[in-house]
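The next block holds one structure in the form of structure tokens; read it before the comments.
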Amino acid sequence: EKGGFPSFMEKEINEQPAAVEQTLMGRTDPEGNLVLDELKIDEAVLRSVDKIVVVACGTAAYAGQVARYAIEHWCRIPTEVELAHEFRYRDPIVNERTLVVALSQSGETMDTLMAVRHAQEQGAKVVAICNTNGSTIPREADAALYTHAGPEIAVASTKAFLAQITAAYLLGLYLAQLRGNKYKDEIGQILTELEAMPAKIQQVIDAQAGVKELAQSMKDAASVLFLGRHVGFPVALEGALKLKEIAYIHAEGFAAGELKHGPIALIEEGQPVFVIVPSPRGRDSLHAKVVSNIQEIRARGAVTIVIAEEGDEAVADYANHVFRVPQSPVLLQPLLTTVPLQIFACELATAKGYDVDQPRNLAKSVTVE
Ligand code: F6R
């Protein structure tokens, strides 16, 4: 049942190339245009959308944060991401021109379902991005865009997360295509790049030399920090969540730019810090800024574990351990940079002797508010 893997979580991490591939499959026509037939919302309504609100919980909300960077860039539609349980009770400003996107692996998360109902009461259209066919959220939504990750059994989400990000990219590209905006030329190019991602994810999975030893060396860590910037920020949050959930270690993700506004005070000798480094080909010297963050924390004694692109030599001198990911367009990087963090959390929980599939106090699907 676990396909030869010691846990469902490991099996599902290894299924990620297929999860992304299946989520992309059959969604383009021979001319390379995106065709999302399931998106049964009037095109005129989709064209008139002036705000997108993504609602979700936990890992799905981090997928939403990644989606925001992509959707705003490609569509130029203001996009917010909100935890479903906060959205619902805040009297949010939502109307007929708002598109609400509900992200949920299970499709049964009560907090997310209540947010969907609330949005619909205000006249908003809701697109559900879900992994479970026929579940409640996609049934109640105005349209459903399914991720095809296959059943996810381990409580800690892995392949569903990558599939959610992939589906959200498709939605963003589709809206950009529909609205014919200036990023139109980029769409075909990004789609080609997306199609290359499953093989790159496989490369990351195959290249985890040293991760067992790293996990072993961090078995007694009391706290682990994660820093990221731009799309690396939600990846940092996700890396921290995985560690809390299955290894029961206090972990926190920060926007790297926040470091000097407070969190740097936490850095002392031996503090492990994961840093997700933006692509050197990205904008506004974000890469250089994060490299200088690594230098700052190293100078204060941090043990730095760096996730960086192949060929990025600037990080080598300041990293105690480097995980390499293949080059990809900046906005697609989370599909790669998340993977070493999942593998690390899984190895660390295993090293501590925990059941990675059934962490204490957690349920796979949270059907109460
Ligand atoms: C984290 C995790 C949870 C879920 C959250 C939402 O590994 O599994 O944070 O992501 O409970 O669940 P869904 O996506 O089913 O709505």
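Read the numbers this way: they start at 1 and go in the same order the structure lists the ligands and their atoms.
Contact of the Glu38 side chain with the Arg27 side chain is registered, since non-hydrogen atoms from C-beta on lie closer than 4.5 Å.
With sequence neighbours excluded, the residues that form a side chain to side chain donor-acceptor pair (under 3.5 Å) with Arg298 are Asn320. Looking at residues two or more places apart in sequence or on another chain, you find a side chain to side chain donor-acceptor pair (under 3.5 Å) between Asp142 and Gln120.
Protein heavy atom closest to atom 16 (O) of ligand 1, with residue, atom name and distance, is Thr109 OG1, 2.5 Å. Looking only at heavy atoms of the protein, atom 11 (O) of ligand 1 is closest to Val366 CG2, 4.3 Å. The nearest protein atom to atom 3 (C) of ligand 1, hydrogens excluded, is given as Thr59 N, 4.1 Å; this is a heavy-atom distance. Summary of contacts: the protein heavy atom closest to atom 14 (O) of ligand 1 is Gln105 N, 2.6 Å. Atom 5 (C) of ligand 1 has its closest protein heavy atom at Cys57 O, 3.6 Å.
One N or O on the side chain of Ser279 and one on the backbone of Arg281 form a donor-acceptor pair closer than 3.5 Å.
Under a 4.0 Å criterion applied to the non-hydrogen atoms of Ser104, ligand 1 contributes the atoms 13 (P), 14 (O), 15 (O), 16 (O). For ligand 1, the atoms lying closer than 4.0 Å to a non-hydrogen atom of Ala156 are 7 (O). Near Val155, with a cut-off below 4.0 Å to any heavy atom, the atoms of ligand 1 are 8 (O). Atoms of ligand 1 found under 4.0 Å from any heavy atom of Ala60 (numbered from 1 in listed order, with element): 10 (O), 14 (O). Each of the atoms 9 (O) of ligand 1 lies under 4.0 Å from some heavy atom of Gly58.
A side-chain hydrogen bond (donor to acceptor under 3.5 Å, both in side chains) with Lys159 is found for one member of Gln105, Glu15, Glu12 and no other, namely Glu15. Among the candidates Thr132, Thr23, Asn131, the single residue satisfying the side-chain hydrogen bond (donor to acceptor under 3.5 Å, both in side chains) test with Thr147 is Asn131.
The two residues Glu238 and Ser157 have their closest heavy-atom pair at OE2-O, 3.7 Å.
Side-chain rings of Phe233 and Tyr69 stay apart, their centers remaining 6.0 Å or farther from each other.
When only interatomic distances are considered, the shortest N/O to N/O separation between Ser157 and ligand 1 falls below 3.5 Å.
Of all the heavy atoms of Glu245, the ones lying under 4.0 Å from any atom of ligand 1 belong exclusively to the side chain. Under 4.0 Å from ligand 1, the heavy atoms of Lys242 that appear belong solely to its side chain.
The distance from the CG atom of Leu145 to the CG atom of Leu36 is 5.5 Å, given to the nearest 0.5 Å.
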